[in-house]
Student: 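One structure follows; several queries about it will come next.
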Amino acid sequence: NAGVMQNPRHLVRRRGQEARLRCSPMKGHSHVYWYRQLPEEGLKFMVYLQKENIIDESGMPKERFSAEFPKEGPSILRIQQVVRGDSAAYFCASSAESGLGYTFGSGTRLTVV
Amino acid sequence: SQELEQSPQSLIVQEGKNLTINCTSSKTLYGLYWYKQKYGEGLIFLMMLQKGGEEKSHEKITAKLDEKKQQSSLHITASQPSHAGIYLCGAEGFNTDKLIFGTGTRLQVFP
């Protein structure tokens, strides 16, 4: 019974490239949340998705960032034209229903060089 | 929007000492979660509190939610080096479907 799986664990991108971060929720979980943790800071909410729907994207930057959670497959957080300020740890969490407990993945550490 | 403030921001204690971390919300808490994060790693769930006055313990860690449901404390008894890490409180507000997190408390325990 695997937990929340995120890959890759570490990702290095040059400025201007695209970064794609993947999150497979726990079995039976249909709610996915993405968070960003900048160095020496707390976790900031980015987006909340259910299958094929974005429920709350109030924490997503308006440009270059997008997220999806297709009917089949993992949730994807996509960052286009990365800049050095995008360097951070990106965490994904999943829950069976909202408010019934959140399980976090180990995160993807993005470094933009 | 709801905001969570944690105090202290960092804490250095000697092994064996007790310590308390506080989490204060600007609005009523409808679900309060405590997580621990080891440096460079993911979040480990510790406890979840929902009812005013609720208290839960696991091993040497006790978490409480006050009666007004706007403040929670995490108390560690007889701290050990294995307790070192970042402690994060996360909360659900009224009619929201996501966790927002406090600023975190960095704990170091030296022998």
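A, B, ... follow the sequence lines: proteins, then strands. Residue 1 opens every chain.
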Student: Considering only residues two or more places apart or on different chains, which pairs with a residue in residues 40-91 of chain B satisfy ring-ring contact (aromatic ring centres under 6.0 Å, His included)?
Tutor: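 Listed once each, the pairs are B:Y35-B:F45.
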Student: Taking atom NZ as the centre, does B:K64 end up with more than 12 heavy-atom neighbours from other residues, nucleotides or ligands that are less than 6.0 angstrom away?
Tutor: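 12 or below, so no.
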Student: Between B:L99, B:L43, B:L88, B:I86, who has the most heavy-atom pairs with chain A when the cutoff is under 4.5 Å?
Tutor: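 Result: the option with the highest number of such pairs is B:L99.
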Student: Please tell me whether A:L49 and A:Y90 are part of a single hydrophobic cluster in this structure, the criterion being side-chain heavy atoms less than 4.5 Å apart.
Tutor: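 The answer is yes; both residues are in one hydrophobic cluster.
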Student: If you group Ile, Leu, Val, Met, Phe, Trp and Tyr by side-chain heavy-atom gaps below 4.5 Å, do A:L11 and A:F91 land in one group?
Tutor: no
Student: Residues in side-chain contact (heavy atoms from CB on, under 4.5 Å) with B:E54, at least two apart?
Tutor: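 Listed in chain order: B:L49, B:Q50, B:K51, B:K56.
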Student: Taking only heavy atoms into account, what residues of residues 55-78 of chain A are found under 4.5 Å from chain B?
Tutor: A:D56, A:S58
Student: Is it the case that over 12 heavy atoms from other parts of the model lie below 6.0 angstrom from the NZ atom of B:K68?
Tutor: no
Student: Tell me, for B:Q37 versus chain A, whether the close heavy atoms (under 4.5 Å) come from the side chain, the backbone, both or neither.
Tutor: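 Side chain only.
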Student: In this structure, would B:V109 and B:I76 fall into the same cluster of hydrophobic residues linked by side-chain contacts under 4.5 Å?
Tutor: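 Yes, because B:V109 and B:I76 connect within a single hydrophobic cluster, where side-chain heavy atoms sit under 4.5 Å apart.
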Student: Kindly check if the number of other-residue, nucleotide or ligand heavy atoms within 6.0 Å of CD (A:Q17) is above 12?
Tutor: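 Yes, the 6.0 Å shell around CD holds more than 12 heavy atoms from other groups.
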Student: Side-chain heavy atoms nearer than 4.5 Å, only ILVMFWY residues, links allowed to pass through others: does that put A:L21 and A:I54 together?
Tutor: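 Yes, same cluster.
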Student: Looking at A:Q6, A:R9, A:Q37, which makes the most heavy-atom pairs under 4.5 Å with chain B?
Tutor: A:Q37
Student: Measuring from atom OH of A:Y35 to atom NZ of B:K98, what distance do you get when rounded to the nearest 0.5 angstrom?
Tutor: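 Those atoms lie 8.5 Å apart.
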Student: Can A:Y33 be reached from A:F104 by stepping across I, L, V, M, F, W or Y side chains whose heavy atoms are under 4.5 Å apart?
Tutor: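 Linked within one cluster.
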Student: Tabulate, in ascending numerical order, the residues of residues 105-113 of chain A having at least one heavy atom closer than 4.5 Å to a heavy atom of chain B, or enter 'none'.
Tutor: A:G105, A:S106, A:R109
